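Comments concern the structure below.
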Number of protein chains: 2
Amino acid sequence: MTRTLHTGRSFKDAIYQQFARIGKAVASPRRLELLDLLCQGPRTVESLAQETGQSVANTSQHLQVLRAARLLTAERAGLFVTYRLAGGDVSEFFRTFRRVAESHLADVNQVTRDFLDERGLMEPVDRQALVERVRCGEVTVLDVRPRSEYIAGHIPGAVSVPLPELKRRLAELPHRREIVAYCRGPFCVLAVEAVKMLRARGFKAVRLEDGVPDWRAQGFRVAAGENP
Amino acid sequence: MTRTLHTGRSFKDAIYQQFARIGKAVASPRRLELLDLLCQGPRTVESLAQETGQSVANTSQHLQVLRAARLLTAERAGLFVTYRLAGGDVSEFFRTFRRVAESHLADVNQVTRDFLDERGLMEPVDRQALVERVRCGEVTVLDVRPRSEYIAGHIPGAVSVPLPELKRRLAELPHRREIVAYCRGPFCVLAVEAVKMLRARGFKAVRLEDGVPDWRAQGFRVAAGENP
DNA sequence: TCAGTATTCAATAACTCAATTGAATACTAT
DNA sequence: ATAGTATTCAATTGAGTTATTGAATACTGA
């Protein structure tokens with residue numbers, strides 16, 4: 001009766017080996033960063049390399065690993081190759097992954113607190129109320145990510161002011177009305193920097209922790225294109 | 001202006017490195033199998049080693065990796081150490097992981113088809129209707145997993161008949177009424193084997209692809225303990 | 001065709017991981 | 001205490017992964 005000892009062993013081995021392709025793909029910090037960035041929208045190899053501070057060759061190789069695991073697709077357009085998520089469920093997967101890391105790894109919260117939790121920036125924002133207040137013009141929503149990410153998808157009504165431009169575009173912002181700044185998500189520094197700068201100059205600013213994928217996952221509408 | 005070139009680089013590195021702890025934990029087929037088994041309920045090291053066909057030492061080491069990533073907790077009781085999921089969200093994470101693998105890796109479906117999709121076993125079962133029919137006594141639900149997994153959690157009304165016992169307990173089963181067999185989930189062979197055996201003996205049997213975690217995730221009640 | 005640019009490939013060296021082995025530890029029951 | 005069992009540890013080996021480098025390829029526009 002060796003039967004029960006290896007019931008479908010070769011099948012199990014094959015299945016878990018396939019599953020591990022996904023696991024191996026998300027086992028490297030570099031690749032997780034690339035995946036996170038691609039959750040914001042499609043990008044070329046070079047722009048990803050620049051954003052992450054890696055060499056182009058290294059970035060290209062990591063992207064190929066992610067593509068081999070079918071988490072990304074690549075498309076050549078002229079000189080450039082654009083990578084994008086292979087589907088909406090990949091973005092959901094990344095969010096689940098991030099949530100597990102967040103809730104199980106105390107170190108994540110420690111690191112985050114050390115870097116981000118300054119000056120009471122962590123007040124939670126009521127999303128449903130925010131939608132209403134934007135519609136009434138009671139609040140200005142600021143998207144401080146690079147413009148290409150804004151175009152790929154943004155919170156309806158949000159104004160695009162990439163962080164590097166913020167300082168010289170302060171005149172465009174209302175001094176009385178509340179400003180809600182958001183960026184890529186809970187672990188992105190852009191909105192935190194923006195809020196710090198705005199507050200230092202007397203604006204009434206708070207941070208929304210959501211990124212666009214989080215906003216979408218909560219069932220809210222997402223706008224695409226150049227306009228708010 | 002080197003500022004923008006490495007905005008919060010050390011923070012990002014720290015965060016993604018933490019995320020990668022989870023990724024590395026699920027990068028090994030062996031560990032994924034252990035995680036899958038633990039989604040069915042707590043188990044000791046030795047029973048996991050036996051189930052997976054691995055040495056106890058190797059199993060113990062993999063379990064410790066999963067524990068270091070905070071996906072599992074361990075508790076000693078006498079001679080035995082019992083490992084269990086560190087939280088309900090780990091089970092949800094595994095389900096998401098599995099779904100991504102399933103929908104993006106064509107090979108997973110190929111392998112599954114080769115092993116499981118025989119004799120039209122793949123008809124889908126209507127879950128909501130199943131709940132009703134169980135209540136009315138129109139159908140018998142068979143849990144063919146090991147008894148300990150049944151006790152840890154099962155579909156309400158289901159009868160526990162572990163696959164190795166099925167052959168000699170056929171007399172307990174109704175010949176007219178439909179039998180729905182389930183096991184650990186869509187990639188488990190137990191229920192498939194059960195249905196094959198039952199059909200060969202003239203029973204009217206179908207397979208429910210869900211495992212208990214899937215059943216629970218769909219919002220259905222799960223029963224615990226010895227009784228249906 | 002040629003120069004120029006974005007991306008990929010191939011080879012390498014440093015590093016990390018997986019499975020095995022045998023020994024050590026933790027605990028129970030006698 | 002002692003024997004016996006479950007688990008963990010430590011050391012080893014071979015395999016796999018990462019980042020780097022320089023060259024090759026793919027494409028555009030003159």
Side-chain angles (χ1 to χ4, degrees), chain A residues 6 9 12-14 16-35 37-38 42-69 71-84 148, chain B residues 6 9 12-14 16-35 37-38 42-69 71-84 148:
Chain A
H6 47 74
R9 177 45 52 195
K12 287 180 190 165
D13 285 351
Y16 290 112
Q17 195 174 319
Q18 288 300 316
F19 286 4
R21 286 172 62 186
I22 306 287
K24 285 180 209 288
V26 294
S28 143
R30 300 293 180 207
R31 287 197 290 271
L32 286 168
E33 183 171 5
L34 292 169
L35 207 51
L37 284 168
L38 287 163
R43 292 185 78 143
T44 65
V45 178
E46 184 166 56
S47 98
L48 286 164
Q50 192 169 354
E51 181 79 40
T52 60
Q54 294 297 296
S55 73
V56 170
N58 196 22
T59 303
S60 171
Q61 295 192 145
H62 280 307
L63 289 168
Q64 283 172 72
V65 172
L66 287 165
R67 190 173 59 156
L71 296 175
L72 303 180
T73 60
E75 190 184 16
R76 182 148 213 149
L79 278 180
F80 298 86
V81 175
T82 299
Y83 282 84
R84 70 189 71 226
S148 63
Chain B
H6 46 75
R9 177 44 52 193
K12 287 180 189 165
D13 285 350
Y16 290 113
Q17 195 173 320
Q18 289 300 317
F19 286 4
R21 286 172 62 186
I22 306 287
K24 285 181 210 285
V26 294
S28 143
R30 299 293 181 207
R31 287 196 291 270
L32 286 167
E33 184 171 4
L34 292 169
L35 207 51
L37 284 168
L38 287 163
R43 292 185 77 143
T44 65
V45 179
E46 183 166 59
S47 98
L48 286 164
Q50 192 169 353
E51 181 79 40
T52 60
Q54 294 297 297
S55 73
V56 170
N58 197 21
T59 302
S60 172
Q61 294 191 147
H62 279 309
L63 289 168
Q64 283 172 71
V65 173
L66 287 165
R67 189 172 59 157
L71 296 175
L72 303 181
T73 59
E75 189 186 16
R76 182 148 214 149
L79 278 181
F80 298 86
V81 175
T82 300
Y83 282 83
R84 69 188 72 227
S148 62

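First the proteins, then the strands, lettered A, B, ... as listed; each starts at 1. Quick caveat: nothing in here was measured; it's all calculated off a predicted structure.
Taking CG from B/L48 and OG1 from B/T82, the interatomic distance works out to 9.5 Å, rounded to the nearest 0.5 Å. A distance of 9.5 Å separates OG1 of A/T59 from CD of A/E33, quoted to the nearest 0.5 Å. One finds the CZ atom of B/R84 at 15.5 Å from the CG atom of B/L71 (value rounded to the nearest 0.5 Å). One distance of note links OH of A/Y83 with OG of A/S60; it measures 5.0 Å at 0.5 Å rounding. Atoms CZ and OG1, from B/R9 and A/T52 in turn, are 6.0 Å apart once rounded to the nearest 0.5 Å. Note: B/L32 CG to A/Q17 CD = 11.0 Å, rounded to the nearest 0.5 Å.
Rounded to 10 degrees, the angle between the two end axes of the helix from C/dT1-D/dA30 to C/dT30-D/dA1 is 30°, with five pairs used at each end.
With A/R67 contributing its side chain and A/A69 its backbone, the two residues share no donor-acceptor pair below 3.5 Å. Listed for the A/R43 side chain is no donor-acceptor partner under 3.5 Å among the backbone atoms of A/L34. A donor-acceptor pair under 3.5 Å is absent between the side-chain atoms of B/Q50 and the main chain of B/E46, judged by distance alone.
As rounded to whole Å, 16 Å separates atom P of C/dA6 from atom CG of A/L63. The CD atom of A/E46 sits 15 Å away from the C1' atom of D/dA26 (whole-angstrom rounding). Protein atom CD of B/Q64 is 15 Å distant from nucleotide atom C1' of C/dA19, rounded to whole Å. Atom CG in A/L72 sits about 16 Å away from atom C1' in C/dT8, given to the nearest Å. Atom CD in A/Q17 sits roughly 15 Å away from atom C1' in C/dA19 (whole-Å rounding). A/L48 has its CG atom 11 Å from the P atom of C/dT8, to the nearest Å.
Using a 4.0 Å heavy-atom distance criterion, B/V45 is classed as a sugar-phosphate-only contact.
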inquiry  = One pair to check against side chain to side chain contact (heavy atoms under 4.5 Å, CB included): B/V26 and A/I22. What are the steps and the verdict?
reply    = CA-CA 8 Å; B/V26 294; A/I22 306 287; over 6 Å; no

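A side-chain hydrogen bond (donor to acceptor under 3.5 Å, both in side chains) with A/H62 holds for exactly one of A/Q54, A/R30, A/R31; it is A/R31.
Listed by residue number, the members of residues 73-84 of chain B with any heavy atom below 4.0 angstrom from DNA chain D are B/L79, B/F80, B/V81, B/Y83.
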With B for base contact, S for sugar-phosphate-only contact and - for none (protein heavy atoms under 4.0 Å), nucleotides 12-19 of chain D reads -----SSB

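The phosphate of C/dT8 has OP1 or OP2 within less than 4.0 Å of a side-chain N or O from A/S60.
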